[in-house]
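Each remark here refers to the structure printed beneath this line.
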Amino acid sequence: MEESLPALEDPASLLKWYVEQGLDETIGEEAIDRFSLAVQPPAATPSPSVAPTAPTPFRPAAPSPAAAPRAPVPLESPQVVEDARALAAGCATIADLEAAIRSFEGCALKRTAKNTVFADGLPSAPVMIIGEAPGADEDRLGKPFVGVSGQLMDRMMEAIGLARGDGFYITNILFWRPPGNRTPTLAEQAMCLAFTRRHLELVRPKLLILAGGTAAKAVLDTAEGIMRLRGKWTSVRLDDGTEIPTMPTFHPAYLLRTPASKRQSWLDMLAVDKKLKEMNG
Ligand code: URA
């Protein structure tokens, strides 16, 4: 059912309507129509440091989602992505990376977020989970996946014997909550992905789980949706050639809305359990 916009003369109803639509924060004095903003063409003779660059994707291996590559990312500021990448590359430890992210001012989401949400669990855990972005609870508490969907994620992992802590380590591609939980823009994803890529290199988990379509598409650099990706092993190749076996699966928030899909997620969890046991000999 489509609800119409309340009359402008009734500001209280209008405000209530905005909140109901998920618009619960103002981030600027004036609305920006991003659809009307043209993507800047590259300068004729760019200097090497400001050459427009698409975000370096993780390199997925078989089955190759490269068959369905994503459209080029319309970066609002390629230089910011370069800055993030350079900053991340200079981090030798996870603590360095966390400090770099906390001091990074290139992502506008940081201005509206209450907290930087980095990670939870022990980096030595065998499994790393990457989700999408902090929600309201995570923003308030400064930890990933602490709301209802995070609790479901914990229960699913516990069912295969993996507890948050020494069983799995969890983070998101975004470190700041997008206002109203909107889907992060491709530019925001590209910026944060520069750090997430380094995060994965520093953690080097035995197995990676990508929770939900946004994380799966971003990390695997594919246009393929989660319906096709889930349940199939793929891998992410690190710079040194190491391949991390990777399982894309449904986001727990989707499972809360669509409980009938829990059966498929359970199969994904069983596949993770089996692979870990195989790896442990
Ligand atoms: N959803 C996510 O993707 N990440 C969180 O941290 C919380 C909810």
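In each ligand, atom 1 is the first atom listed, and ligand 1 is the first ligand listed.
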| message | Is the ring pair F175/F118 parallel, tilted or perpendicular, if the boundaries are 30 and 60 degrees? | response |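 Rings of F175 and F118: parallel, as their planes differ by under 30°.
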
Check ligand 1 against [X] and write out every atom of the ligand that is under 4.0 Å from a heavy-atom position of the residue.
X: P144; value: 6 (O)
X: H251; value: 1 (N), 2 (C), 3 (O)
X: S149; value: 8 (C)
X: E132; value: 2 (C), 3 (O)

| query | Should R197 and D239 count as an ion pair when the cut-off is N to O under 4.0 Å? | reply |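 Salt bridge present between R197 and D239.
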
| message | Any salt bridge linking E188 with R182? Criterion: basic side-chain nitrogen under 4.0 Å from a carboxylate oxygen. | response |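 Yes, this pair counts.
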
| query | Among I244, V127, T246, whose side chain to side chain contact (heavy atoms under 4.5 Å, CB included) with P205 holds? | reply |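 Going through the options one by one, the only one that passes is I244.
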
| Heavy-atom proximity to atom 4 (N) of ligand 1, best of I129, N172, L141 |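 The nearest heavy atom belongs to N172.
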
| message | Has D139 got a side-chain atom pairing as donor or acceptor with G135's backbone, closer than 3.5 angstrom? | response |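 Side chain of D139 to backbone of G135, a donor-acceptor pair under 3.5 Å: no, none is there.
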
| Are the ring centres of F104 and F195 closer than 6.0 Å? |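 Yes, ring centres under 6.0 Å apart.
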
| Between P252 and ligand 1, which part of the residue brings a heavy atom under 4.0 Å of the ligand: side chain, backbone, both or neither? |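 Looking at P252 and ligand 1, no heavy atom falls under 4.0 Å.
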
| Mind checking whether A133 has an N or O less than 3.5 Å away from an N or O of ligand 1? |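 Yes, there is a polar N/O contact under 3.5 Å.
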
